[in-house]
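Structure, as structure tokens:
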Amino acid sequence: MLRDYRGILPTDLTATFFYDNNIKTKSVAAFSQLDYQLNQDWLITAGLRYSYESLDYDSTSQLNIILDPNDLTGVKVPFYRVQGEQSDNGISGQLGVNVKLDDATYAYYRFANGAKSGGYNGGFLSSVEQAQLADYQKERLNSHEIGSKSWWPQLGMRFNWAVFYYDYNDQQVFMNQPSVSEQSPPIQLLENVADSTIYGLEADFEYWMTDDLNVKFAMGYIPHAEFEEYVDPLGNALTDNRLPFTSKWNLSAGIEYTHVLANHPLTTQLLVDYQSDYYFDQNQNPYAMQDGYSIFNANIHYQHDNWAIAIWGKNLFGTQYSHLKFDLSSFLGMLEDFKGEGRRFGLDVSYQF
């Protein structure tokens, strides 16, 4: 239920907030890649990229306030206007080595460095302070990855694994922090947080037990995903805190069975995904934390020439979990909790022309 309190509460306590963002971006890039086959087993790949980007932003806001309690039309008055610009250019590249170990397996190493552009996070602004702090700068990344990919067709098995190490400079991270004004709500910002390091392991395995039945498993393990050395604008030390939205474990498994019905394939899938606990903010706040949870999904798909029909179910056991949490206890004495989608069932019918 929505209720308009303008004209009911004192006029200095109520207003309708309007804001508009005008953001213009320009980008130019040139890139090249070279693949060099040393011999039958060794391949070297090198790439280089130049990019230039510029951004101009203009964020304006107005308040609709009530001057006459008998007239709720209200009057719009200027609230704030924030303008700015950014520009950046740079060179990035990659170097990779691929080696064929045998007829079933090849291994690889890849180094890449690059940058993610800065910008203006104008998606949700609620105060002058947040509008003034909504710009952010580019982040830079050096990444290393080593792994292998294997495929044994005679056994019906596929196995891939990789170890990765990411070294971020000025990483962009969503931050929740109190306002400098005691009477204002906390603000959500996309901030550059100096340096951070992430490393871990990922692997996936798929096995065709028969021509009709296969199972698959995947695993991601991130033991380290932390701020290296960082103190936020309010003086809070975040060094060695875990990065928000970063689970230590991500696991998934699935089974798929295909049956020929009236000379057309009928495929049934059952899937499960598990995610271990993680924080929604940089302070490792227990009120802004998601415990580990599992989601089960299933679908039945039938293809008949150009027609396809699918019956699906998501979150079959109605697992409760959150997409986002904000600790507003210091401002409103409450916890804001955005719940994930519950149990759902559906039917899709499609036709390919």
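Just so we're clear, the structure is a prediction, and the values are computed from it rather than from any experiment. For the numbers below, each heavy atom of this structure counts, side chains included, while hydrogens, waters and symmetry mates do not.
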Is it true that a side-chain atom of [X] and a backbone atom of [Y] form a donor plus acceptor pair closer than 3.5 Å?
X      : Y      : result
Asn297 : Asn315 : yes
Asn283 : Asn285 : no
Glu139 : Gln172 : yes
Tyr120 : Ala131 : yes
Asn142 : Asp167 : no

Exercise for review: List the steps and the verdict of side chain to side chain donor-acceptor pair (under 3.5 Å) for His144 and Tyr199.
Suggested key: CA-CA 9 Å; His144 303 264; Tyr199 57 76; over 6 Å; no
Pairing donors with acceptors under 3.5 angstrom, does anything connect the side chains of [X] and [Y]?
X      : Y      : value
Trp307 : Ser350 : no
Thr105 : Ser150 : yes
Glu53  : Ser117 : yes

Nearest heavy-atom neighbours spanning [X] and [Y]:
X      : Y      : value
Glu85  : Tyr57  : N-CE2, 3.9 Å
Pro223 : Gly200 : CD-CA, 3.9 Å
Glu229 : Thr239 : CA-OG1, 3.4 Å
Thr319 : Tyr293 : CG2-CB, 4.0 Å
Asn214 : Glu206 : ND2-OE2, 2.9 Å
Lys100 : Tyr106 : CA-CB, 3.9 Å

With rounding to the nearest 0.5 angstrom, report the [atom1] to [atom2] distance, [X] to [Y].
X      : Y      : atom1 : atom2 : answer
Asn98  : Lys149 : CG    : NZ    : 10.0 Å
Ile255 : Leu213 : CD1   : CG    : 4.5 Å
Asp277 : Ser247 : CG    : OG    : 7.0 Å
Thr258 : His301 : OG1   : NE2   : 10.5 Å
Lys216 : Gln269 : NZ    : CD    : 6.0 Å
Asp20  : Thr60  : CG    : OG1   : 5.0 Å

Point to revise | Transitive ILVMFWY side-chain link Tyr136 to Leu189, under 4.5 Å | key: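 Not linked; separate clusters.
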How about [X] and [Y]: do any of their side-chain heavy atoms sit closer than 4.5 Å?
X      : Y      : answer
Lys325 : Tyr287 : no
Tyr108 : Val99  : no
Leu347 : Ile309 : yes

So, for [X] and [Y], is the gap between ring centers shorter than 6.0 Å?
X      : Y      : value
Phe353 : Tyr351 : yes
Phe164 : Tyr166 : yes
Trp312 : Phe345 : no

Exercise for review: Apply side chain to side chain donor-acceptor pair (under 3.5 Å) to the pair Thr45 and Asp35, showing each step before the final yes or no.
Suggested key: CA-CA 5 Å; Thr45 299; Asp35 293 331; 2.9 Å; yes
Within 6.0 angstrom of [X] [atom1], more than 12 heavy atoms from elsewhere:
X      : atom1 : result
Gln40  : CD    : no
Asp102 : CG    : yes
Phe31  : CZ    : no

**Study point:** Ion pair Lys339/Asp337, N-O distance below 4.0 Å
**Key:** yes
**Study point:** Among Asn192, Asn169, Asp170, Asp88, the one residue meeting side-chain hydrogen bond (donor to acceptor under 3.5 Å, both in side chains) with Lys138
**Key:**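 Result: among Asn192, Asn169, Asp170, Asp88, Asp88 is the only option passing the side-chain hydrogen bond (donor to acceptor under 3.5 Å, both in side chains) with Lys138.
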Practice item. Run the numbers on Gln33 and Gln94 for side chain to side chain donor-acceptor pair (under 3.5 Å), then give the verdict. Key: CA-CA 9 Å; Gln33 178 170 312; Gln94 66 169 341; 3.3 Å; yes
Check your understanding: Which of parallel (below 30°), tilted (30 to 60°) and perpendicular (above 60°) describes Trp208 and Trp151?
Key -> perpendicular
Review point. Would you call the rings of Tyr230 and Phe227 parallel, tilted or perpendicular if under 30° counts as parallel and over 60° as perpendicular?
Key: parallel
Practice item. Check the pair His259, Asp212 against side chain to side chain donor-acceptor pair (under 3.5 Å), reporting the backbone distance first and the verdict last. Key: CA-CA 7 Å; His259 174 69; Asp212 301 326; over 6 Å; no
